[in-house]
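Structure record follows, encoded as structure tokens.
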There are 2 protein chains.
Amino acid sequence: MSSFQLEAITLGEGVNAVEAVTQRLRQAILDGSLSGGQVLRQETLAQQLGVSRLPIREAIRQLHSEGLVQMSVHRGAIVTALSPEDIREIYDIRVGLETTALRLALPHLSPAILKRANELMKKTETTSDADSWSEANWQFHLTLYAPAQRPRMIELIRTMHDNVGRYLRVYPALLQQQKNSHQEHQQLLAACQAQDEGRALQLLRQHLEGAGERLAAYIAQQRSAK
Amino acid sequence: MSSFQLEAITLGEGVNAVEAVTQRLRQAILDGSLSGGQVLRQETLAQQLGVSRLPIREAIRQLHSEGLVQMSVHRGAIVTALSPEDIREIYDIRVGLETTALRLALPHLSPAILKRANELMKKTETTSDADSWSEANWQFHLTLYAPAQRPRMIELIRTMHDNVGRYLRVYPALLQQQKNSHQEHQQLLAACQAQDEGRALQLLRQHLEGAGERLAAYIAQQRSAK
DNA sequence: TTATATAATTTTGTATCCAATTTTACTAGA
DNA sequence: TCTAGTAAAATTGGATACAAAATTATATAA
């Protein structure tokens, strides 16, 4: 049960192989094509993607630095499988980073930005499939953080978000749980609109802690089931 | 003025080259042997460290993910030179991560841990050279965060700390500025001892923001001077 | 002299080959 | 049948060789 198929990358026109491989593998992990625990054989990936092992190795190292892959010397790489504790920790990190981003963004949240956030929030209420809900939800949060003008911080948040977000695709049942957070989104947006920093940060923290706890509990349950 | 000399690594006994090279290069960047803007030629490094270019490439990619090196395709890598804005952003990230770590650690700060923190704080007051002050200062903060039991979070904090901390070695004048923060350390430790979460987090945030602003201002001044 | 085009050089990116290590399969002995 | 030891296979780590791109140097024309 460790079989998978990845489409070969098309390179040429200044596209370098490492970048292309990294994106392809990251995508496969995030959309669940490669799930936690999956062994990544260099030769297999090289043949499937139509490159040599070298770009594969560098791509794996890159994904390792993003937390998506675990490496061990002479034993190869596997897709990271997060334990419930891992998930709680990643959400703790998100709380730290995202409340800081929101605090810095809050003074710069213009009516136009809040309007866009509101539209994205409505989108999450109407979409049903995991992919578009995930995307809209991420864009909603990103819209609130972007005015902070902190590219490194945003990138870190994105990495953490991706690392836990992939489980939404793996376990569709989680989507329903997360959709219960619509009310929290509304309250958060209202607090931002009112420029109520204390309340906005508290709501965001609760929102994330709740989502993290639900995901961790679900993973724990899945583990004990098998 | 782009010359430097690195001692060859000794590998063998299960030591893999990539790891050894990564540590050697990281060390060289953190202690100022390789300073911001320095171009990293793969062939040069390979010869100096006594390995082929391949481990060098993977090490550079690793350091890139830590923010210490910037890569651009077909143009090579340079040691990251932080702008004042970069430094402020990294300190903003540190505020988010470190206040969260301290909040989670606070309930677990035992008398023994507080005693150790107090000893490390005293050490920072007595040492004079940049190296031992930096180390003691870092250990002081780490001691307060470690009981949070969040290894990923600690690792992220360490990465951010290293990235800005290296400037203390490059610009010794900064050391005197930072030593003015002793009083802040004392107040922080007192708030932790009193389990006063609100005050402890506020002090830590001010402590970091102050240090960040001083460093950013110094870098800005250095820039305009030349 | 300056600007532009072009060739030479340097440097990085990738593929292939060999070495070192780990894993698996097999054999022998109790 | 089980275990320990050993050999074979598979797999990763690293070095060398070659291709592609960028940089530098050179030459030519305005």
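Chain letters run A, B, ... following the sequence lines, proteins first, then strands; residues in each count from 1.
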Full working for salt bridge (charged side-chain N to carboxylate O under 4.0 Å, His left out) between A:Asp162 and A:Arg26: CA-CA 10 Å; A:Asp162 284 351; A:Arg26 187 193 291 116; 5.7 Å; no
Whole-Å distance, A:Glu58 CD to D:dT12 P, equals 16 Å
State, without any angle test, whether A:Ser132 and A:Asp129 hold a side-chain donor-acceptor pair at a distance under 3.5 Å. yes
Given side chain to side chain donor-acceptor pair (under 3.5 Å), test B:Gln62 with B:Glu66 step by step and report yes or no. CA-CA 7 Å; B:Gln62 171 68 35; B:Glu66 298 173 18; 3.0 Å; yes
Side chains of A:Glu98 and A:Tyr145 only: does a donor on one sit below 3.5 Å from an acceptor on the other? yes
Going by atom type alone, with no hydrogens or angles, which donor-acceptor pairs under 3.5 Å involve a side-chain atom of residues 167-175 of chain A and a protein atom two or more places apart or on another chain?
{"residue": "A:Tyr167", "atom": "OH", "partner": "A:Leu82", "partner atom": "N", "Å": "2.9"}
{"residue": "A:Arg169", "atom": "NE", "partner": "A:Asp131", "partner atom": "OD1", "Å": "3.1"}

B:Glu19 CD to D:dG14 P, straight-line distance once rounded to whole Å: 10 Å
Spacing between A:Leu54 atom CG and D:dA17 atom P, to the nearest angstrom: 16 Å
Distance check needed: D:dG13 C1' versus A:Ile56 CD1, whole Å only. 16 Å
Measure all distances between protein nitrogen or oxygen atoms and nitrogen or oxygen atoms of nucleotides 8-12 of chain C, and list the pairs falling under 3.5 Å.
{"residue": "C:dT11", "atom": "O3'", "partner": "B:Arg41", "partner atom": "NH1", "Å": "3.2"}
{"residue": "C:dT12", "atom": "OP1", "partner": "B:Arg41", "partner atom": "NH1", "Å": "3.2"}
{"residue": "C:dT12", "atom": "OP2", "partner": "B:Gln42", "partner atom": "N", "Å": "3.4"}
{"residue": "C:dT12", "atom": "O3'", "partner": "B:His74", "partner atom": "N", "Å": "3.3"}

For A:Glu135, which residues count as a side-chain contact (heavy atoms from CB on, under 4.5 Å) partner, sequence neighbours excluded? A:Gln139
For B:Trp133, what residues pass the ring pair (Phe, Tyr, Trp, His ring centres under 6.0 Å) criterion, not counting sequence neighbours? none
Which residues pass the ring pair (Phe, Tyr, Trp, His ring centres under 6.0 Å) test with B:His161, not counting sequence neighbours? B:Trp138
Enumerate the residues from residues 60-70 of chain A whose closest heavy atom to DNA chain C is under 4.0 Å, giving them by residue number; use none for an empty result. none
